[in-house]
S.K.: 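Structure below; questions to follow.
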Amino acid sequence: MGVEQGRPAHVVVIGGGPAGLTAAWELLRHEVKVTVLERAPSAGGLGGTTVFEGQAGQYRFDYGGHRFITHNPDLLALVEELVGDDLLTAERKSVIRLGGRTYAYPLALGNLVRTAPTAMLAGAVRDLLLLPFRRPRQEPDDFAGWISSRFGPTLYRTFFEGYTAKLWGLNPRQLSADWAEQRISLVDLKDVVRRLLPGAANNPRTYARSYRYPKYGFGMIFDRLAAFVAANGGEIRSGVSVTGLIHRKGHISAVKTTAGEIACDAVISSVPLPDMVKLTGGKSKLRFRGLRFLNMPMAMDNVSDCTWQYLSDPDMMATRLQEPRRRSPFMAPQGMTSIMLEIPCDPGDRLWKMTDEALFELAMADLRRLGVDTSKATGECFSTYAPYAYPLMSVGYQKEREKAFVHLDQFDNLVQCGRQGTFRYLFTDTAMEMGQMAARGLVVGAEGSRWRRQVYDHRNERTVIETQSVA
């Protein structure tokens, strides 16, 4: 029985991350049998938390700088129910480190005037005055052009150019303007100035300070969601890789795995979009940017009062320094703290393959430049890896993304969801909403191509479930 023929009896969910686990939860609510397949040893995906047994006790490290913020009351109620009293409220403080200077993030007028070089301030003022005359007739399709046309060449060169090239490993002129549109909530330099003034409107979500965070790491949400799925009749198979799909005339009847075949009526997948295209006999040029996280204990109460620090100097290997204890004091033993460095690189790169010991020495040199007392490092360290951390939105990627969806539209009972599955940069709650939408689409038996596309195009800050046929 397929999507267009009625309600499925058994759905295989490929990927046990935020989107996949939420899809499984939604299906179980509608009494649909669910089997979740997860390649890693445990569920959680990029939402997971790693526990490190150090000399002084347990340390916990996430896969990146996660915060739980949502405008969806149902999703908030779910997380509050799962985590209970262990769901804390935390305050974020972030800064930008560049050229030996520390800038408040988001930018604050007093800090900017006190901190920035005179030449940079003068250049920004000049760009502001010239902004109406520099706006291009045609909207730039690359990141460098988009930023420069809105914020001026001074701020682009200072805060964006080097950091962006380091993060993506390519020239910002090769990066699509979509990345800027999705990540930068301010409209232009005039909007920057307005938000620097006293009495400015509330900051957008990108700059939100208050957020919810579990006591023992972000992965608590998905550990408990996985336990809920298992306790309510769902099956979670970890350490299992998908090797192919059995299908006929555009209908999937089984999933092939390293542990055998699993018959099913439909498939919800968060497998990276280009990988799913290749798994079903197609070709895709879409790519992801990877991250390596170097995690290390520190024998001190705290490194700073910052949740994280953006490291904008191009010659520093990391893009962000995080202190997990700033989210929850239970992320490190009492009297200790820890550091997590986010290092952009791809599988096979020099930094990806480097030993922890060699990477640790490079990290110590950068930390000293930042004023961190490296004598407090215990010498312990380990790495975690995220080969599919960010969809690489190079100029022209939209056509490749559309080709991938057209290829997968041949299957009437397959839907992709999540960050990797739809090749979108998403916050966690949005990925969870996508899983929820995918499950509802299967349950109500909506027209396949239509509801799948609604999931693919689901945007941050916007809940479209109520207005679509999948509701």
Side-chain angles (χ1 to χ4, degrees), residues 11-53 57-90 210-240 268 270 324-325 327-332 384 386 417-421 426-440:
V11 177
V12 169
V13 176
I14 307 176
L21 288 174
T22 309
W25 166 76
E26 184 71 24
L27 289 167
L28 288 171
R29 289 179 63 206
H30 291 86
E31 301 182 341
V32 175
K33 180 181 177 182
V34 177
T35 301
V36 179
L37 304 177
E38 172 55 48
R39 179 173 52 185
S42 59
L46 288 180
T49 298
T50 300
V51 178
F52 176 69
E53 295 286 349
Q58 287 189 340
Y59 299 82
R60 290 172 170 82
F61 298 90
D62 295 337
Y63 286 85
H66 296 301
R67 302 172 292 158
F68 190 77
I69 303 172
T70 184
H71 299 305
N72 183 327
D74 292 336
L75 215 54
L76 178 59
L78 169 64
V79 172
E80 288 180 332
E81 180 182 352
L82 289 170
V83 185
D85 292 340
D86 289 334
L87 188 63
L88 311 177
T89 298
S210 180
Y211 60 96
R212 309 302 297 277
Y213 188 82
K215 182 177 181 179
Y216 295 114
F218 202 69
M220 281 188 73
I221 297 173
F222 304 106
D223 289 343
R224 294 190 179 181
L225 185 53
F228 178 92
V229 168
N232 286 273
E235 183 180 8
I236 298 181
R237 301 187 186 182
S238 300
V240 174
I268 293 176
S270 59
R325 189 184 183 88
R327 288 186 170 81
S328 166
F330 299 93
M331 297 294 279
T384 50
C417 61
R419 177 189 288 198
Q420 290 85 4
L426 303 172
F427 291 109
T428 304
D429 68 303
T430 308
M432 295 172 75
E433 284 183 347
M434 293 176 93
Q436 199 173 26
M437 290 175 67
R440 290 182 182 180

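We count residues from 1, following the sequence as given.
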S.K.: According to side-chain hydrogen bond (donor to acceptor under 3.5 Å, both in side chains), who are the partners of Arg419, at least two apart in sequence or on a separate chain?
M.R.: none
S.K.: Any idea which heavy atoms bring Val34 and Ala24 closest together, and the distance?
M.R.: CG1-CB, 3.7 Å
S.K.: Under 4.5 Å between any side-chain heavy atoms of Phe61 and Thr384, yes or no?
M.R.: no
S.K.: Indicate yes or no: at least one non-hydrogen side-chain atom of Tyr63 is less than 4.5 angstrom from one of Thr50.
M.R.: yes
S.K.: Once side-chain hydrogen bond (donor to acceptor under 3.5 Å, both in side chains) is applied, do any residues pair with Thr35, and if so which ones, sequence neighbours excluded?
M.R.: His10
S.K.: Please name all residues satisfying salt bridge (charged side-chain N to carboxylate O under 4.0 Å, His left out) with Glu235, sequence neighbours left out, ordered by chain then number.
M.R.: Arg237
S.K.: Identify the heavy atoms of Val11 and Val32 that sit nearest to each other, and give their distance.
M.R.: CG2-CG1, 3.9 Å
S.K.: So His66 and Thr49, do their side chains get closer than 4.5 Å, heavy atoms only?
M.R.: no
S.K.: Which heavy-atom pair separates Ala19 from Cys417 by the least distance, and what is that distance?
M.R.: CB-SG, 3.9 Å
S.K.: What are the two closest non-hydrogen atoms of Ile236 and Ala226, and how far apart are they?
M.R.: CD1-O, 3.4 Å
S.K.: Once rounded to the nearest 0.5 Å, what's the spacing between atom CE of Met434 and atom OG1 of Thr22?
M.R.: 12.0 Å
S.K.: Can I get a per-line list of side-chain donor-acceptor pairs under 3.5 Å for residues 214-225, giving both atom names and the distance, sequence neighbours left out?
M.R.:
| residue | atom | partner | partner atom | Å |
| --- | --- | --- | --- | --- |
| Arg224 | NH1 | Leu82 | O | 3.2 |
| Arg224 | NH1 | Val83 | O | 3.1 |
| Arg224 | NH2 | Asp86 | OD2 | 3.1 |

S.K.: Compare all side-chain heavy atoms of Thr70 with those of Val79 and state whether any distance is below 4.5 angstrom.
M.R.: no
S.K.: With sequence neighbours left out, write down each residue that passes side-chain hydrogen bond (donor to acceptor under 3.5 Å, both in side chains) with Tyr59, or none if nothing qualifies.
M.R.: none
S.K.: Please report the interatomic distance CZ(Phe228) to CG(Leu21), rounded to the nearest 0.5 Å.
M.R.: 12.0 Å
S.K.: Identify, with sequence neighbours excluded, every residue that meets side chain to side chain contact (heavy atoms under 4.5 Å, CB included) alongside Arg212.
M.R.: Phe68, Leu76, Glu80, Leu87, Thr89
S.K.: Looking at side-chain heavy atoms only, is the closest gap between Met432 and Pro18 below 4.5 Å?
M.R.: yes
S.K.: Closest heavy-atom contact between Ala43 and Gly16?
M.R.: CB-O, 3.5 Å
S.K.: How would you list all residue pairs meeting salt bridge (charged side-chain N to carboxylate O under 4.0 Å, His left out) that involve residues 17-28, not counting sequence neighbours?
M.R.: Glu26-Arg29, Glu26-Arg440
S.K.: Do side-chain atoms of Arg60 reach the backbone of Pro324 as a donor and acceptor pair under 3.5 angstrom?
M.R.: no
S.K.: Looking at residues at least two apart in the chain, or sitting in another chain, which of them share a side-chain hydrogen bond (donor to acceptor under 3.5 Å, both in side chains) with Glu81?
M.R.: none
S.K.: On a heavy-atom basis, which atom in Glu38 and which in Ser42 lie closest, and how many Å separate them?
M.R.: CG-O, 3.6 Å
S.K.: Quick one, Asn72 and Asp429 - any side-chain contact, counting heavy atoms below 4.5 Å?
M.R.: no
